[in-house]
Amino acid sequence: MSEILRTVDLAKDYLLPDGEILHVFSGLNFSLDRGEIVAVMGASGSGKTTFLNLLGALDRPTAGKVFLDGEDLSAKNAVSLARIRNVKIGFVFQSFHLLPEFTAAENVALPMLMSGRGRAEAFRRAAEVLGEVGLAGKARCRPAQLSGGEMQRVAIARALVNGPAVLLADEPTGNLDWKTGEAILRLLLDLHEKRGLASVLVTHNEKVSILCEKIFFLERGALERAV
Ligand SMILES: Nc1ncnc2c1ncn2[C@@H]1O[C@H](COP(=O)(O)OP(=O)(O)OP(=O)(O)O)[C@@H](O)[C@H]1O
Ligand SMILES: [Mg+2]
């Protein structure tokens with residue numbers, strides 16, 4: 001399998017409001033191949049979201065590097081990073097992060113419109129991907145008219161509409177009841193397989209993690225492989 005993501009001696013510090021520096025982690029070396037799915041676990045505050053945001057170029061490391069598809073992200077300016085995120089990375093968040101005033105179809109079409117595609121193509125593709133996540137009948141609903149599980153399906157469709165190579169999910173089932181969460185997890189695993197994605201799932205849920213090929217724990221500033 002070929003490598004899509006690599007971190008080299010990755011470190012992140014935050015400057016706290018009182019002027020103290022918080023060292024979240026340092027020296028993280030991680031790699032992910034195409035087709036691979038891994039879980040990242042760890043206590044609240046251990047740095048899982050911070051790590052995922054660095055993998056997805058939503059934030060910059062204090063030290064170390066992230067390579068995506070062989071490209072050093074630290075060498076890129078903000079505009080290039082936005083473009084890379086738009087095309088190569090799909091994000092799914094615990095709280096869905098949908099735009100409330102837009103319909104499901106509009107939320108899903110947005111990344112395509114942002115990448116410069118025409119409206120007709122973007123909405124045709126959005127309809128297809130909404131069908132893939134089982135929401136063909138809800139394209140015209142706004143988030144407030146959808147259940148939590150449906151909102152997460154819209155968010156998954158939005159994450160995948162541009163055909164990214166990498167899927168990064170931060171507690172994707174964290175705001176859902178057990179049964180709905182399990183259906184979302186199954187959907188993510190199916191899409192991962194079908195599209196040959198490279199996926200990182202951050203989770204507190206043991207059941208989620210055991211479905212992944214590898215499990216990593218973030219603890220005391222270090223990333224350790226558990227399985
Ligand atoms: N922008 C920020 N500024 C300062 N400190 C931050 C910032 N973001 C996160 N932190 C701190 O960094 C640490 C790691 O946070 P992070 O959100 O990555 O943890 P997490 O493992 O995702 O936790 P959870 O399981 O609760 O989501 C925490 O102590 C948090 O308070
Ligand atoms: Mg988090």
Side-chain angles (χ1 to χ4, degrees), residues 5-32 37-68 73-74 76-78 81-82 85 89-98 148-149 151-152 154-156 158-159 164 166-178 180-182 184-185 188-189 192 197-227:
L5 256 183
R6 168 173 294 273
T7 72
V8 178
D9 286 334
L10 198 67
K12 183 69 182 178
D13 299 339
Y14 287 117
L15 179 61
L16 299 177
D18 61 6
E20 293 281 304
I21 291 179
L22 174 70
H23 302 289
V24 184
F25 48 67
S26 58
L28 294 201
N29 293 297
F30 170 83
S31 73
L32 187 70
I37 182 163
V38 307
V40 175
M41 304 188 77
S44 183
S46 60
K48 303 179 298 296
T49 295
T50 300
F51 178 57
L52 212 65
N53 289 346
L54 294 175
L55 289 182
L58 279 174
D59 196 4
R60 289 189 188 267
T62 308
K65 288 184 172 176
V66 177
F67 293 88
L68 173 62
L73 297 183
S74 65
K76 307 279 175 193
N77 64 25
L81 288 182
R85 278 197 304 272
I89 300 168
F91 284 98
V92 176
F93 303 94
Q94 177 171 356
S95 50
F96 324 130
H97 290 195
L98 298 176
M151 284 193 266
Q152 195 59 302
V154 174
I156 292 167
R158 177 185 57 187
V166 176
L167 178 69
L168 302 176
D170 195 355
E171 289 280 354
T173 64
N175 272 351
L176 303 171
D177 65 68
W178 180 83
T180 309
E182 188 156 276
I184 289 295
L185 180 62
L188 284 172
L189 293 173
H192 165 84
L197 296 168
S199 303
V200 181
L201 302 189
V202 163
T203 184
H204 284 287
N205 187 332
E206 298 279 345
K207 287 202 185 100
V208 172
S209 63
I210 55 175
L211 293 168
C212 294
E213 288 158 21
K214 296 178 186 169
I215 304 176
F216 292 88
F217 275 88
L218 201 43
E219 242 170 4
R220 290 183 289 280
L223 189 70
E224 304 281 351
R225 175 143 177 219
V227 181

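Numbering of residues begins at 1 and proceeds along the displayed sequence. Indexing begins at 1, ligand by ligand and atom by atom, following the structure's order.
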Hits for salt bridge (Lys or Arg N to Asp or Glu O under 4.0 Å) against Arg85, two or more places apart or cross-chain, chain-then-number order -> none
Ignoring hydrogens and geometry, is there a side-chain-to-backbone donor-acceptor pair from [X] to [Y] under 3.5 Å?
{"X": "Lys214", "Y": "Val40", "value": "no"}
{"X": "Glu219", "Y": "Glu224", "value": "no"}
{"X": "Gln94", "Y": "Ala169", "value": "no"}

Taken in chain and number order and not counting sequence neighbours, the residues that satisfy ring-ring contact (aromatic ring centres under 6.0 Å, His included) with Phe30 are Phe51, Phe216
Close side-chain approach of Asn29 to Val8, heavy-atom, < 4.5 Å:
yes
Within the structure provided, determine whether Leu81 and Arg60 are in side-chain contact (heavy-atom separation under 4.5 Å). yes
Output for pair (Leu54 CG, Leu5 CG), nearest 0.5 Å, gives 11.5 Å
Near the Mg ion (ligand 2), meaning under 2.8 Å, the protein N/O/S atoms are Thr49 OG1
Which of Leu218, Thr7, Leu10 passes side chain to side chain contact (heavy atoms under 4.5 Å, CB included) with Leu223? It is Leu218
Expected contact list for ligand 1 at under 4.0 angstrom, heavy-atom basis, is Tyr14, Leu16, Leu22, Val24, Ala43, Ser44, Gly45, Ser46, Gly47, Lys48, Thr49, Thr50, His204
